[in-house]
Amino acid sequence: KQEVTQIPAALSVPEGENLVLNCSFTDSAIYNLQWFRQDPGKGLTSLLLIQSSQREQTSGRLNASLDKSSGRSTLYIAASQPGDSATYLCAVVPLYGGATNKLIFGTGTLLAVQP
Amino acid sequence: DVKVTQSSRYLVKRTGEKVFLECVQDMDHENMFWYRQDPGLGLRLIYFSYDVKMKEKGDIPEGYSVSREKKERFSLILESASTNQTSMYLCASTRNTEAFFGQGTRLTVV
């Protein structure tokens, strides 16, 4: 059974610092991996989607990498800002999960960027 | 832009009431999902649907049912609301496996 883990559970950094969030999954047979951001009391906003054939994706100050063989993904945030404060979640779609693209989520990393 | 809209941001219902949570997507996606999110437990899949009138149970379907009469609309039904169903409910739809979420419904059952 696929399990997704995110470490650390919480992270506090000063503004301007570069940081890395980690996501691990136990089964490398995945369609893709997706990173989301969640603000308190809100829904999830998609940040980056990495297909299983890709190694990384970039959007602005965000860069996500994928190493399927080791079951790991990282989300790199450059020059962090207080507005980046949120919970970050990763999710995988198992390759053998049927036709419905069910996502399996990690429990998230709560990021606080201090001004 | 893909839009997934949940009918309510906040709901307060009484124990035993029948509760309907509505979700609408505007991009003709086949797959739609209902999750609940609780502190320390993460997101857990309640039900999903891969086509009109088609549905499958997720990991925690007990106490819930769903309806998908039209492709764009996926409804979650709490047959008889209980206090342990107080939670954040999130609807999602997928295109080419990329998932898009609604803004969430915070349901409180008193």
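Heavy atoms only: backbone and side chains are in, while hydrogens, waters and symmetry mates are out. Below, chains carry the letters A, B, ... as their sequence lines are ordered, and counting in each starts from 1.
B/Met32 and B/Ile46 fall within the same hydrophobic cluster, defined by Ile, Leu, Val, Met, Phe, Trp and Tyr side-chain heavy atoms under 4.5 Å apart, directly or through other members. Taking hydrophobic clusters as Ile, Leu, Val, Met, Phe, Trp and Tyr residues chained together by side-chain heavy-atom distances below 4.5 Å, A/Leu75 does not share a cluster with A/Phe36. No chain of hydrophobic side-chain contacts below 4.5 Å, direct or via other Ile, Leu, Val, Met, Phe, Trp or Tyr residues, connects B/Leu76 to B/Phe101. In terms of hydrophobic clustering, with Ile, Leu, Val, Met, Phe, Trp and Tyr side chains grouped at heavy-atom distances under 4.5 Å, A/Leu89 and A/Val93 are assigned to a common cluster. Cluster annotation: B/Ile60 is connected to B/Val19 through the hydrophobic network of ILVMFWY side chains, with a link wherever side-chain heavy atoms come within less than 4.5 Å.
Counting all heavy atoms, side chain and backbone alike, B/Ala99 lies closest to A/Ser46 at O-CB, 4.0 Å. Scanning both residues, A/Gln38 and B/Leu90, for their nearest heavy atoms gives NE2-CD1, 4.2 Å.
With a threshold of 4.5 angstrom between heavy atoms, B/Arg9 approaches chain A through side-chain atoms but not through N, CA, C or O. Contact of A/Leu44 with chain B is made through backbone and side chain together, with heavy-atom distances under 4.5 Å. Neither the backbone nor the side chain of B/Glu30 comes within less than 4.5 Å of any heavy atom in chain A.
Within the model, atoms CG of B/Leu43 and CG of A/Leu103 stand 9.5 Å from one another, a figure rounded to the nearest 0.5 Å. With values rounded to the nearest 0.5 angstrom, A/Lys102 atom NZ is found 4.0 Å from B/Phe48 atom CZ. Rounded to the nearest 0.5 Å, atoms CD (A/Gln34) and OG1 (B/Thr94) are 9.5 Å apart. With values rounded to the nearest 0.5 angstrom, A/Phe105 atom CZ is found 9.5 Å from B/Leu45 atom CG. One finds the OG1 atom of A/Thr45 at 11.0 Å from the CD atom of B/Gln103 (value rounded to the nearest 0.5 Å). The CD atom of B/Glu98 sits 8.5 Å away from atom CD of A/Gln51, with the distance rounded to the nearest 0.5 Å.
The environment of NZ in A/Lys42 is sparse: at most 12 heavy-atom neighbours from other residues, nucleotides or ligands sit within 6.0 Å. Atom CZ of B/Arg44 is surrounded by more than 12 heavy atoms from other residues, nucleotides or ligands within 6.0 Å.
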